[in-house]
Peer 1: 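One structure, as structure tokens, below. Some questions next.
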Amino acid sequence: MNNKNSPPLLSVDEALDHLLHAAQQVQAIEDALTMDALGRVLATSLISPIAVPPYDNSAMDGYAVRAAELHPKEMTRLQVSQRIPAGTMGTPLAQQTAARIFTGAPIPAGADAVVMQEDTRQTDDIVAITRAVSAGTNIRLAGEDIAAGATILQGGTRLGPQHIGLAASVGMARVPVYRKLRIATFFTGDELVMPGEALAPGQIYNSNRFTLNSLLRSLGFVPIDLGTVPDSLEATVAVLKQAAQEADVIITSGGVSVGEEDYVKAAVEQIGSIDMWRIAMKPGKPLAFGQIENAAFIGLPGNPVSVFVTFCLFARPFLLRTQGVMNVTPRSFWVEANFDWLKPDRRREYLRARLEPGMDGVSRASLFPHQGSGVLTSTVWGDGLINCPAGTPIKRGERVRFIPFSDLLAWH
Ligand code: AMP
Ligand code: MG
């Protein structure tokens, strides 16, 4: 298979390895408002300056007591000596009294348990406690979530809503994040027209422009969309020059096959360097990776499903790593095949599949019937990819590896 004209066939893992090693992480760090930091990548680990909770507090609305003063079998009557709503500090609890207390309020000195309201009856300033509790009941201890000085988030974490909330819970109004990656996109092909225009014979809609820019947005990037570019060397060189000025990474679709209407390779070579990879996978064999001045270049194939799949498997981890994210590997799960795949390709295949939980609790994957690399409906019908090893037939009931789209396209 390997001759002078065809570049070497890389395995999926080799190609990914090359990309992740080549990724030059953004270095510049800026302070972002915690409130605006969704999707940003933490540049340093965050250390909590405080304990959370900062003080022992009540987990319930009820009465703070000394547990030893409660009768184990009978009702206990105690005088209610104070009232402690959240946001106020009580005073030390006098012997043989209880403090009316509310969720989140500090436990007064001397008290060691909270009896929940449902197990009490208050008349005037006497509370009757119908059920004894042991010391520690219904008390959230200072520092039980976070100790002062503890690392709460590691550098290289992409901030989701829960990370933002955690940073806020220790009082951080700003967080250090990497500067946002600038990503330029363009789309080659004389046959492409924009949705909203009428199709002339021989034309198709430029769906990749919508898919790719949206894939980038779903990861929190803001693409610089340079639009459709004609199949000519001059036009391709010109847009590449502009992209290299404006972006850290350039991503394109189409024009990386070996036909004479494919100008991307020649254009990148004229002003930078490029490796053409043939990856042992289906869909999406050709992938170009190069460099133009300070910008990395990724040339995705033209076929719409190949764009989607090669983006998810290669561009996504490369971009996230370049942005400083440590964990770029999507999760995958063993599920049961609800199909026969008896004529496997010699390349690894990523089949569009839908996961359905059975009545027996086992998740089974069904295949979209048409797995062609131009059949975009497969990506909508499916909710993930099945990773089919090269040359390995699959029979119904066997285990297959499933990567959910939710892990490829959203926060994790
Ligand atoms: P190419 O790699 O340029 O030869 O393109 C491979 C196939 O993908 C051809 O059928 C193209 O018409 C199609 N294609 C290329 N670019 C796009 C695009 N932006 N949107 C939809 N289809 C495309
Ligand atoms: Mg083309």
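Numbers for residues simply follow the sequence, beginning at 1. Both ligands and their constituent atoms are indexed starting at 1 by order of listing. Everything numeric in this text was worked out from a predicted model, so none of it was measured.
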Peer 1: Should we say atom CG of Asp360 is surrounded by more than 12 heavy atoms from elsewhere, each under 6.0 Å from it?
Peer 2: yes
Peer 1: Can you check whether Gly255 has an N/O within less than 3.5 Å of an N/O in ligand 1?
Peer 2: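 Between Gly255 and ligand 1, an N or O pair is found under 3.5 Å apart.
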Peer 1: Distance from Gln117 atom CD to Asn138 atom CG, nearest 0.5 Å?
Peer 2: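 Here the interatomic distance stands at 12.0 Å.
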Peer 1: What protein heavy atom sits nearest atom 10 (O) of ligand 1, and how far off is it?
Peer 2: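 For this ligand atom, the closest protein heavy atom is Asn303 OD1, 4.1 Å.
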Peer 1: What do we get for Thr228 next to ligand 1 when only non-hydrogen atoms under 4.0 Å count, side chain, backbone, both or neither?
Peer 2: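 Neither part.
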Peer 1: Among all the protein's non-hydrogen atoms, which is closest to atom 16 (N) of ligand 1, and how far away is it?
Peer 2: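 Residue, atom and distance for the closest contact: Asn208 ND2, 3.5 Å.
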Peer 1: Using a strict 4.0 Å threshold on nitrogen-to-oxygen distance, state whether Asp13 and Arg348 make a salt bridge.
Peer 2: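 Counted as a salt bridge, because a side-chain N and a carboxylate O are separated by less than 4.0 Å.
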Peer 1: To the nearest 0.5 Å, tell me how far Thr76 OG1 sits from Glu69 CD.
Peer 2: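 Nearest 0.5 Å value for the OG1-CD distance: 9.5 Å.
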Peer 1: Show me which atoms of ligand 1 lie under 4.0 Å from any heavy atom of Tyr205.
Peer 2: 20 (N), 21 (C)
Peer 1: Select the closest option to atom 21 (C) of ligand 1 among Ser207, Ser257, Gly259, Gly254, judged by heavy-atom distance.
Peer 2: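 Nearest heavy atom to atom 21 (C) of ligand 1 lies in Ser207.
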Peer 1: Using a 4.0 Å heavy-atom cut-off, which part of Val307 comes near ligand 1: side chain, backbone, both, or neither?
Peer 2: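 The answer is neither; Val307 stays 4.0 Å or more away.
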Peer 1: In Å, rounded to the nearest 0.5 Å, how long is the span from CD of Gln323 to CG of Asp248?
Peer 2: 8.5 Å
Peer 1: Counting only heavy atoms closer than 4.0 Å, does ligand 1 sit against the backbone of Ser253, its side chain, both, or neither?
Peer 2: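 The part of Ser253 near ligand 1 is the side chain, not the backbone.
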Peer 1: Select one of side chain, backbone, both or neither to describe which atoms of Glu261 lie under 4.0 Å from any atom of ligand 1, heavy atoms only.
Peer 2: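 Within the 4.0 Å criterion, Glu261 makes no contact with ligand 1.
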Peer 1: Give a yes/no verdict on a cation-pi contact between Arg354 and Trp381, requiring under 6.0 Å between NZ or CZ and the six-membered ring centre and an angle within 45° of the axis.
Peer 2: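 Checked: cation-pi criterion met.
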Peer 1: Does Arg40 make a cation-pi contact with Tyr178 (under 6.0 Å, within 45 degrees of the axis)?
Peer 2: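 The answer is no; the distance or angle limit is not met.
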Peer 1: Among all the protein's non-hydrogen atoms, which is closest to atom 19 (N) of ligand 1, and how far away is it?
Peer 2: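 Going atom by atom, the protein heavy atom closest to atom 19 (N) of ligand 1 ends up being Asn206 OD1, 2.7 Å.
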Peer 1: Among all protein heavy atoms, pick the one closest to atom 14 (N) of ligand 1 and tell me residue, atom and distance.
Peer 2: Gly302 O, 3.3 Å
Peer 1: Note the single closest protein heavy atom to atom 12 (O) of ligand 1, along with its residue, its atom name and the distance in Å.
Peer 2: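 Going atom by atom, the protein heavy atom closest to atom 12 (O) of ligand 1 ends up being Glu191 OE2, 2.6 Å.
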Peer 1: Checking salt bridge (Lys or Arg N to Asp or Glu O under 4.0 Å) for the pair Lys265/Asp275: CA distance, chi angles, key distance, verdict?
Peer 2: CA-CA 8 Å; Lys265 176 173 187 275; Asp275 286 324; over 6 Å; no
Peer 1: Could you state the interatomic distance from CG (Asn206) to CE (Met194), rounded to the nearest 0.5 Å?
Peer 2: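 Here the rounded value is 6.5 Å.
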Peer 1: Could you tell me the residue and atom name of the protein heavy atom closest to atom 22 (N) of ligand 1, and the distance to it rounded to 0.1 Å?
Peer 2: Ile204 CD1, 3.4 Å
